[in-house]
Protein chains: 2
Amino acid sequence: MTKSCIRVYADVEQISQCKQDIEKVDAAISKLAKALDLAGNEVRLKMLFLLDKESKMCPCDLSDILGMTVPAISQHLKKLKDAGLVESNKVGQTIFYSIAKSSNLILNPILKLIENEKVTTHE
Amino acid sequence: MTKSCIRVYADVEQISQCKQDIEKVDAAISKLAKALDLAGNEVRLKMLFLLDKESKMCPCDLSDILGMTVPAISQHLKKLKDAGLVESNKVGQTIFYSIAKSSNLILNPILKLIENEKVTTHE
DNA sequence: AACGTATTTAAGTGACTGCTTAAATATACG
DNA sequence: CGTATATTTAAGCAGTCACTTAAATACGTT
């Protein structure tokens with residue numbers, strides 16, 4: 001890879017320890033990154049917020065509330081469902097989506113940040 | 001937009017309430033989505049994890065630990081810094097990056113998920 | 001069966017990502 | 001000053017994203 005930099009004043013011990021540490025959490029990070037990537041889209045985050053608040057909604061409702069076409073919403077829902085973040089329940093011709101219970105561990109702390117209005121990352 | 005669907009069995013009251021609710025948290029969601037989007041990248045999440053654990057690191061160290069070129073690392077750091085998630089401190093010719101204190105509110109709950117190995121979203 | 005509603009799937013497209021390599025900038029040191 | 005180290009910036013590019021429109025699927029009603 002690179003030839004310069006890398007190792008002059010470096011703490012070799014620290015580096016090697018970090019490599020091990022990272023390896024241990026690699027799977028967890030990979031999984032978490034996927035979830036955060038999905039939640040890191042404004043439309044999808046709104047959808048998750050709404051599903052959390054209302055407990056269940058159909059694509060049609062979300063389309064109306066968010067002012068987006070139904071196919072656009074449907075495609076977002078598919079991604080969330082494929083990742084296991086939401087699940088669906090069909091009733092007649094309408095499909096109700098809701099937060100998957102198994103994803104609460106990840107989503108709860110995130111959704112809590114919204115309500116708390118605590119989102120003061122910067123400036 | 002669409003002409004079909006939208007309103008037949010819909011709970012008009014709920015929809016309109018949701019529109020208001022979303023509007024209230026719009027700014028918070030927008031900000032949070034940006035942060036999650038950044039953290040939702042495997043490389044960057046690892047970087048944040050390492051910065052959190054080691055309190056500070058230089059691009060060179062991160063490059064070594066993560067097995068990536070220095071420019072690639074530098075570009076990720078720039079994004080994190082532009083978003084206010086990390087900050088930098090120059091000492092001689094090396095630049096130490098660390099988690100911005102102001103971003104702890106968002107990052108702490110996320111980073112905690114890694115250590116807890118609780119990341120069991122799915123299956 | 002035929003039509004209307006609810007939703008998904010598919011194909012196309014412009015914008016954005018994340019990497020690469022090469023060059024630029026900045027600081028330290030002989 | 002010239003060279004080595006540390007980092008950023010820039011340009012290029014393949015891959016992905018999020019939307020659009022159009023078509024397909026599915027259920028309900030008459």
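Chain naming here is simple, since letters A, B, ... match the order of the sequence lines and numbering starts at 1 in each.
In this entry the distance linking CE of B:Met68 with C1' of C:dT21 reads 14 Å, nearest Å. At whole-Å resolution of the value, NZ in B:Lys79 and C1' in D:dT9 are 14 Å apart. With rounding to whole Å, A:Lys81 atom NZ is found 9 Å from C:dT9 atom P. In this structure, A:Asp64 atom CG and C:dT5 atom P are separated by 15 Å, rounded to whole Å. One atom, CD1 of B:Ile73, and another, P of C:dT21, lie 15 Å apart when rounded to the nearest Å. Rounded to an integer number of Å, the gap from A:Arg44 CZ to D:dT16 P is 15 Å. Taking atom CE of A:Met47 as the reference point, atom C1' of C:dT7 lies 13 Å away to the nearest angstrom. Computed from coordinates, the A:Ile95 CD1 to D:dC27 P distance equals 9 Å when rounded to whole Å.
Taking B:Ser16 as the reference, nothing meets the side-chain hydrogen bond (donor to acceptor under 3.5 Å, both in side chains) condition, with sequence neighbours excluded. Looking at residues two or more places apart in sequence or on another chain, you find no side-chain hydrogen bond (donor to acceptor under 3.5 Å, both in side chains) involving B:Asn108. Among residues two or more places apart in sequence or in another chain, the salt bridge (charged side-chain N to carboxylate O under 4.0 Å, His left out) test is passed with B:Lys78 by B:Asp82. Scored by the side-chain hydrogen bond (donor to acceptor under 3.5 Å, both in side chains) test, A:Ser98 finds no partners at all (sequence neighbours excluded).
In this model, the phosphate group of C:dT20 is approached by a side-chain N or O of B:Thr69 to a distance below 4.0 Å at OP1 or OP2. In terms of phosphate contacts, B:His76 brings a side-chain nitrogen or oxygen within less than 4.0 Å of OP1 or OP2 of C:dC19. Distances shown here put a side-chain N or O of B:Tyr97 below 4.0 Å from the OP1 or OP2 atom of D:dT8. Residue A:Ser74 places none of its side-chain N or O atoms closer than 4.0 Å to OP1 or OP2 of C:dT7.
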Can you check nucleotides 23-27 of chain C for protein contacts, nitrogen or oxygen pairs under 3.5 Å, and list what you find?
unit_1	atom_1	unit_2	atom_2	d
C:dT27	O2	B:Gln93	OE1	3.0

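Considering all non-hydrogen atoms of both residues, A:Leu45 and B:Ala33 come closest at CD2-N, 3.7 Å.
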Distance-only check: which donor-acceptor pairs under 3.5 Å involve side-chain atoms of residues 47-57 of chain A, not counting sequence neighbours?
unit_1	atom_1	unit_2	atom_2	d
A:Glu54	OE1	B:Gln14	NE2	2.9

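Interface remark: the B:Gln75 side chain does not form any donor-acceptor pair with the D:dT7 base, using a distance-only criterion of under 3.5 Å.
Sequence order on DNA chain D of the closest nucleotides to B:Lys78 and A:Asn41 puts B:Lys78 first from the 5' end.
Side-chain proximity of A:Ala72 to the nucleotides D:dC19, C:dG18, C:dT8 is greatest for D:dC19.
The pair A:Lys101-A:Glu87 meets the salt-bridge criterion, since a charged nitrogen lies less than 4.0 angstrom from a carboxylate oxygen.
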